[in-house]
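Data block below; observations after.
By convention here, the first residue in the shown sequence is residue 1.
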Amino acid sequence: MAFDIDKYTKNSTGVQWADLDFDAFERDPLPESTLRTLRYMCDIEYHTVCYLRDLLTTPSHDEPAVGAFMTMWNREEFWHGEALAAVLERHGVRVDFDELKATRLKLGWKDRLGTVKQTVTSRLVGHDFVAVHMAWGAANEWSATAAYQRLAALERHPVLAPLLQRIAQQETKHVAFYASQARERLAASRKARIVARLALEKAWGPVGSGVMPESEVTHVMKHLFAGADGRKLVRDIDAHIAKLPGMEGLRIVETSMDRRGIPAGDTV
């Protein structure tokens, strides 16, 4: 089924949490390992504007539907960051833009090079870069949805769990757009299939890798995806990716877990 971009842009709203009893976090605070994971998620949601910045230098911004989606996507991801920041603040952890800016500044030339690489690569690939962007976005959003749903299931907190489920519900809309666009564009171009597969196989990493310290990436991946249940989710994400045209047999998420030593068995 085609994604209805007009309906999506018309109905896009921020994730709601005013009806949730945040005082419950004072009575039943979250453990440190969960706060550490939430801080990672919050930072990455706030960093979405940087990803948008890079993509505005590529052919994606010339596509009306893609441009409209990216505008709403950026706003919704920002609101996700706001919601997670509110949870963290109830635990004495304050997140502000000065800290986020400092994180980007620490990357220095690596951050600036990312934009240049996107621009140069997109020009070399041409219009088929949009298909690569869509396939990459689908992989990221499948991963994000699984991450939020997994943390909600692990924590079972009466306030955190419904908040994370609401965020995950919005992420599923992002998945629907990216995946529908990726399927159509990949099916139409052999070149796009070749380039997208190469990009995912050689360059993809968990959302946040390359921005956050590797120690934090490993913590979050282990927290969310270690053990048999976590590994099943990882394989489910790979199965979704592998159903995209030309992506058959890819195991990019499981490979990333293995490289980081994330245990796949019942013993964590």
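Nearest heavy atoms, Gly208 versus Ile44: CA-CD1, 3.4 Å. Taking every heavy atom of both residues into account, Gly249 and Ala242 meet most closely at N-CB, 3.9 Å. The shortest non-hydrogen separation linking Ala139 to Trp204 is CB-NE1, 3.9 Å. The two residues Pro206 and Ser209 have their closest heavy-atom pair at O-OG, 2.6 Å. When all heavy atoms of Ala179 and Leu244 are compared, the closest pair comes out as O-CD2, 4.2 Å. Considering every non-hydrogen atom in both Ala131 and Arg185, the closest pair reads CB-CB, 3.6 Å.
Between Tyr46 and Glu82, the side chains place a donor N or O and an acceptor N or O closer than 3.5 Å (distance only, hydrogens not considered). Under the 3.5 Å distance criterion, with hydrogens and angles disregarded, a donor-acceptor pair is assigned to the side chains of Arg260 and Ser256. Between the side chains of Gln170 and Trp73, no donor-acceptor pair is found at a separation under 3.5 Å.
Between Met70 and Asn74, every side-chain heavy-atom pair lies at or beyond the 4.5 Å cut-off. Between Leu164 and Gln149, the closest side-chain pair of non-hydrogen atoms is not below 4.5 Å. The side-chain heavy atoms of His174 and Glu77, taken from C-beta on, include a pair separated by under 4.5 Å. By the 4.5 Å heavy-atom criterion applied to side chains, His223 and Val220 are not counted as neighbours. Asp23 has its side chain out of reach of Phe25: every pair of non-hydrogen atoms, C-beta onward, lies at least 4.5 Å apart. Put simply, the side chain of Arg251 reaches to within 4.5 Å of the side chain of Asp258, judged on heavy atoms. No side-chain heavy atom of Leu233 sits less than 4.5 Å from a side-chain heavy atom of Asp229.
Atoms OG and CG, on Ser180 and Asp4 in that order, are 10.5 Å from each other to the nearest 0.5 Å. Once rounded to the nearest 0.5 Å, the distance linking CH2 of Trp142 with NE2 of His240 reads 6.5 Å. Here the straight-line distance linking atom CD of Glu63 with atom CE of Met134 works out to 8.5 Å at 0.5 Å rounding. To the nearest 0.5 Å, the span separating CD on Glu26 from CG on Asp21 amounts to 9.5 Å. Taken to the nearest 0.5 Å, the CD atom of Gln165 stands 10.0 Å off from the CG atom of Leu151. Rounding to the nearest 0.5 Å gives a distance of 5.0 Å between CE of Met247 and CG of Leu186.
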Yes or no on side chain to side chain contact (heavy atoms under 4.5 Å, CB included) for Met72 and Ile5, after CA distance, side-chain angles and deciding distance?
-> CA-CA 10 Å; Met72 298 299 111; Ile5 189 64; over 6 Å; no
Going through the checks in order, is the side chain to side chain contact (heavy atoms under 4.5 Å, CB included) test met by Thr218 and Ile262?
-> CA-CA 8 Å; Thr218 300; Ile262 309 303; 4.2 Å; yes
Decide side chain to side chain contact (heavy atoms under 4.5 Å, CB included) for Leu84 and Val95; before the verdict, give the C-alpha distance in whole Å, the side-chain angles of both, and the deciding distance to 0.1 Å.
-> CA-CA 9 Å; Leu84 298 178; Val95 182; over 6 Å; no
For Leu224 and Met41, run side chain to side chain contact (heavy atoms under 4.5 Å, CB included): C-alpha distance rounded to whole Å, both residues' side-chain angles, the deciding distance at 0.1 Å, then the answer.
-> CA-CA 12 Å; Leu224 298 178; Met41 290 173 156; 3.9 Å; yes
Can you check ring pair (Phe, Tyr, Trp, His ring centres under 6.0 Å) on Phe177 and Tyr8, steps first, answer last?
-> CA-CA 10 Å; Phe177 177 82; Tyr8 170 67; 7.5 Å; no
Evaluate the criterion salt bridge (charged side-chain N to carboxylate O under 4.0 Å, His left out) for residue pair Asp43 and Arg39; output intermediate values, then yes/no.
-> CA-CA 6 Å; Asp43 284 1; Arg39 177 58 192 267; 3.0 Å; yes
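Side-chain N or O atoms of Thr37 include one that pairs as donor or acceptor with a backbone N or O of Ser33 at under 3.5 Å. Of the possible polar contacts, none joining the His91 side chain to the Pro29 backbone as a donor-acceptor pair under 3.5 Å is found.
In the displayed structure, Glu214 atom CD is contacted under 6.0 Å by more than 12 heavy atoms of other residues, nucleotides or ligands. Counting heavy-atom neighbours within 6.0 Å of Glu184 CD, excluding the residue itself, gives a total of 12 or less.
When ring centroids are compared, Tyr178 and Phe69 come within the 6.0 Å threshold.
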May I have the list of side-chain donor-acceptor pairs in residues 152-161 shorter than 3.5 Å, sequence neighbours left out?
from, atom 1, to, atom 2, distance (Å)
Glu155, OE1, Thr34, OG1, 2.7
Arg156, NE, Ala153, O, 3.4
His157, ND1, Val159, N, 3.0
His157, ND1, Leu160, N, 3.3
His157, NE2, Asp28, O, 2.8

Distance-only check: which donor-acceptor pairs under 3.5 Å involve side-chain atoms of residues 10-17, not counting sequence neighbours?
from, atom 1, to, atom 2, distance (Å)
Asn11, ND2, Lys7, O, 3.2
Ser12, OG, Glu76, OE2, 2.7
Gln16, NE2, Gly14, O, 2.8

Can I get a per-line list of side-chain donor-acceptor pairs under 3.5 Å for residues 194-201, giving both atom names and the distance, sequence neighbours left out?
from, atom 1, to, atom 2, distance (Å)
Arg197, NH1, Gly246, O, 2.9
Arg197, NH1, Glu248, O, 2.9
Arg197, NH2, Glu248, O, 2.9

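Within the structure, every pair that satisfies the salt bridge (Lys or Arg N to Asp or Glu O under 4.0 Å) test and touches residues 232-243, not counting sequence neighbours, is listed here: Lys232-Asp236, Arg235-Glu254. Within the structure, salt bridge (Lys or Arg N to Asp or Glu O under 4.0 Å) pairs that include any residue of residues 160-174 comprise Asp19-Arg166 (at least two apart or interchain).
Under a 4.0 Å N-O distance rule, the pair Arg193/Asp128 does not qualify as a salt bridge.
Partners of Tyr40 by ring pair (Phe, Tyr, Trp, His ring centres under 6.0 Å), not counting sequence neighbours: none found.
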